[in-house]
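Here is the structure we will look at.
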Amino acid sequence: MWKWREYKVYEPVEFITVIPDILAGVHCVFDSIKRRVYTAAGAFDIETTRVPDTKPPVATMYHWQFVLNGYVCLGRTWDEFLDVMYALSSTFLHRRKRLYIYVHNFSYEFHFIQRFFKWERVVARKELHPIYAEAECGITFKCSYMLSRSSLKTLSEKYVPDTVKGELDYEKLRHTRTELTHDEIEYCIRDVVIIDKYIQSEIARNGDIAHIPNTQTGYMRRLARDNMYPPDDAGKRQRNHAMMDKLRITSASEYSALKYAFAGGFVHANYLYVRDVLHNVASYDISSSYPTAMVSELFPMSSAAHYDAMSYQEFIAMSSSHCMVACFTFTGFEGRSDVYEHILSASKALHISNSVLDNGRIVSCDKLSIYLTNVDMESVPLFYDFESVEIADIYAYEKAPLPKPLIETILQLFADKTKLKNVEGQEEAYLHAKEILNAMYGGMVTDIIADEITYTSQWVTKEVVVEDALLKYNKSRKFVFYPWGIFITAYARRNLFRAIYAMGIDHVYSDTDSEKFLNPDAHAGFFERYNKDITQKISKMLEYYCIPHDTPDAIYPPVNPKGETIRLGLFEYEGIYTRFKTLGAKRYLAEKSGKYALTAAGVNKNNGLAYITSQGADPFKVFEDDLVIPETHSGKLAAHYNFDHYRGHFYDYNGVYSEYEELTNVALVPAKYHLSLSAQFADYLKDNKK
């Protein structure tokens with residue numbers, strides 16, 4: 001035994017002998033189904049290497065680390081790991097007395113250990129990606145990444161701040177007989193200590209281990225549910241339950257219409273400037289765009305009335321009092337010549353004929369059928385002309401503000417985030433408030449109907465019966481209503497479209513809540529007017545609910561540690577890019593104050609930028625169509641899942657021989673990044689940029 005900080009470090013055989021000491025005095029609490037759970041959680045992690053010269057790519061584990069209640073165990077083989085798990089379970093665990101073991105990115109480790117245990121229950125949102133897994137032996141493996149939504153590096157800066165989480169050289173071949181250096185062993189220990197420290201903080205936050213949610217969104221759900229249904233206010237619980245019980249999705253066709261109408265953030269570049277190096281590009285961001293929509297707008301607050309058809313004029317008139325979702329069939333649909341963006345995505349179309357596309361966005365077509373909300377239809381006539389439109393399959397919901405407890409929750413989280421930002425000693429509280437505020441939107445758009453995914457010895461996905469799932473949903477004690485999420489994004493897009501439309505030909509690039517454009521002095525008036533309008537709209541909503549605001553003791557607007565008043569929803573000036581170049585959505589290179597910044601979906605920003613700047617030429621000349629960033633710099637990994645039993649041998653980087661065996665494994669293989677415009681988009685640019 002040796003020590004690493006306050007942790008005692010053992011090899012597996014020694015660790016097994018001290019398990020009684022490790023769990024001595026550790027009490028149990030009851031989980032939601034009355035099983036006892038140890039209040040001390042374990043943390044587990046593995047190190048792997050890719051076996052050379054195998055097809056398909058194969059990975060093998062060469063070191064594992066486990067921590068429990070201040071004791072660390074370091075092992076090299078799966079047999080050693082299973083011996084430790086058996087020693088724990090045979091004496092101290094069973095189906096009704098469990099130990100939680102947290103694993104960061106559990107889906108990776110699960111694919112190595114999945115056939116080592118008999119599983120009672122595996123919960124996953126999609127195949128190969130479990131959130132947690134309960135073994136018959138009494139061990140429950142949980143994913144700490146799904147709870148934190150932070151990398152180990154980020155967690156290390158918060159919970160083990162006086163050490164730096166380094167990186168192993170993963171290109172070195174290692175196996176179970178490879179002698180590890182002192183620094184490499186410390187790296188392994190640090191990985192599980194970081195998780196252990198994080199889970200200890202979560203236990204303190206939640207009171208006990210059984211009440212830690214499985215995902216970050218769980219915190220939002222708990223907070224929102226408690227505010228909607230406060231345990232100490234029976235009257236409020238009853239009133240809110242009666243209100244939410246009226247909000248129902250009554251048919252599979254209504255659910256389908258809502259699914260079709262849902263769209264995320266708008267991310268696109270003005271085709272006029274794609275591939276061009278622009279100078280003095282301004283950037284404005286909307287502060288907390290989705291929370292702003294939730295606080296300031298009106299949402300579906302009834303079950304839907306259905307109409308087979310109505311005229312365009314009838315639809316617009318009804319939209320003044322209702323939130324609407326409908327199928328629009330346009331003919332002679334064409335982007336307006338006096339605006340320079342195309343806002344509708346061809347991927348959302350039910351039917352489209354003879355279309356011209358701008359990097360996936362509709363420029364023109366002979367006929368288009370697409371589900372839209374009435375909020376979307378506020379923007380469509382600004383960007384498109386059409387000869388005729390037919391409106392069918394209409395769902396109309398009475399509209400009103402979101403329930404007061406939800407608005408108060410959003411305002412409180414925004415206030416906490418604002419007041420705690422950059423306050424020494426409050427970093428954890430700040431991040432928690434920020435994470436829950438962001439999760440408010442995620443909880444609103446979580447699909448209410450999901451396939452049943454199970455795992456016993458293999459993954460099985462079973463489609464659910466939509467009608468049965470809706471019946472269950474309608475009977476549940478809801479605190480959010482699925483149609484709300486469809487309109488949150490619609491309002492946020494509309495707000496962004498206002499800026500795009502106002503910028504005209506100066507519009508360069510947009511991403512969800514950000515607008516980048518030329519000639520900033522000419523457009524300052526728009527942002528002043530917009531900020532004034534959104535401030536008044538939020539004030540009006542708070543007055544509607546008699547929520548105090550704009551007074552010294554009011555929750556809104558909060559004041560940051562610098563004494564500055566911070567408001568929701570304002571377009572905030574982010575500065576000027578000296579140079580800016582975009583190659584399309586999620587692909588741009590910017591220069592500000594002599595520093596470069598790269599955004600390229602699928603590429604590690606730092607590694608990709610390092611490669612571009614290492615080429616010797618002007619980075620803006622390197623950042624061009626058909627750029628290839630090699631696997632050594634892309635940061636991109638391709639996962640190869642292997643379900644077969646693999647065994648063999650190889651020599652490590654020191655020339656030491658060893659055999660390996662894996663029942664299942666997943667190999668992560670570095671992949672190059674090829675930045676290329678689609679042929680269709682390239683042709684569109686060639687034909688239209690002039």
Side-chain angles (χ1 to χ4, degrees), residues 257 260-276 309 311-313 315-316 324-393 489-490 493-494 496-512 515-517 582-587 625 676-690:
Y260 284 131
F262 174 74
F266 180 80
V267 185
H268 205 241
N270 184 346
Y271 71 93
L272 290 175
Y273 303 121
V274 170
R275 299 181 67 175
D276 294 343
S311 69
Y312 183 54
Q313 291 74 21
F315 181 89
I316 297 301
M324 315 273 280
V325 171
C327 181
F328 291 79
T329 299
F330 300 96
T331 59
F333 195 73
E334 187 166 4
R336 289 180 52 176
S337 60
D338 57 341
V339 293
Y340 301 91
E341 189 54 279
H342 308 107
I343 65 172
L344 295 187
S345 174
S347 66
K348 299 297 295 182
L350 298 179
H351 171 80
I352 187 169
S353 62
N354 195 25
S355 62
V356 176
L357 303 182
D358 167 11
N359 201 21
R361 300 285 170 174
I362 302 170
V363 178
S364 64
C365 59
D366 290 345
K367 190 172 184 178
L368 169 67
S369 293
I370 188 170
Y371 275 90
L372 300 169
T373 70
N374 62 291
V375 180
D376 298 314
M377 280 306 297
E378 294 179 31
S379 301
V380 168
L382 299 178
F383 290 85
Y384 295 97
D385 292 319
F386 46 89
E387 294 174 3
S388 66
V389 60
E390 295 179 359
I391 308 175
D393 196 26
T489 57
R493 287 192 306 275
R494 182 205 60 191
L496 183 63
F497 292 155
R498 286 179 61 187
I500 294 172
Y501 182 77
M503 297 306 103
I505 198 170
D506 289 332
H507 159 67
V508 173
Y509 182 89
S510 289
D511 187 344
T512 308
E515 169 64 3
K516 305 183 192 308
F517 58 96
T582 179
L583 300 177
K586 295 292 186 182
R587 295 176 174 183
D625 181 28
S676 61
L677 306 180
S678 69
Q680 186 182 53
F681 186 37
D683 288 343
Y684 178 77
L685 294 177
K686 181 179 178 181
D687 294 340
N688 291 276
K689 277 195 65 163
K690 291 183 181 180

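The model shown is predicted, which means the values in this text are computed figures rather than measured ones.
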[Y] backbone acceptor or donor facing [X] side chain under 3.5 Å:
X: N374; Y: M324; value: yes
X: H268; Y: G360; value: no
X: S355; Y: L357; value: no
X: Y384; Y: I362; value: yes
X: N270; Y: H507; value: yes
X: K367; Y: N354; value: no
X: D625; Y: L677; value: yes

Problem set entry | CD (E378) with more than 12 external heavy atoms under 6.0 Å | yes

Would you say that [X] contacts [Y] through its side chain, given a criterion of any heavy-atom pair below 4.5 Å between the two side chains?
X: L382; Y: V339; answer: no
X: Y312; Y: P381; answer: yes
X: Q313; Y: I316; answer: no
X: Y501; Y: R336; answer: yes

For this session: Could you name each residue pair satisfying salt bridge (charged side-chain N to carboxylate O under 4.0 Å, His left out) that touches residues 496-505, not counting sequence neighbours?
Result: R498-D533

For this session: For Y260, enumerate each residue passing the ring pair (Phe, Tyr, Trp, His ring centres under 6.0 Å) test, keeping only those at least two apart in sequence or located in another chain.
Result: Y371

Problem set entry | Parallel, tilted or perpendicular: rings of F328 and F330 (30°, 60°) | parallel

Exercise. Do the ring planes of H342 and Y684 sit parallel (below 30°), tilted (30 to 60°) or perpendicular (above 60°)?
Worked result: perpendicular

For this session: Compare every heavy atom of F315 with every heavy atom of A326, then report the nearest pair and how far apart it is.
Result: CB-CE1, 4.0 Å

For this session: Identify the heavy atoms of A263 and T489 that sit nearest to each other, and give their distance.
Result: O-OG1, 2.9 Å

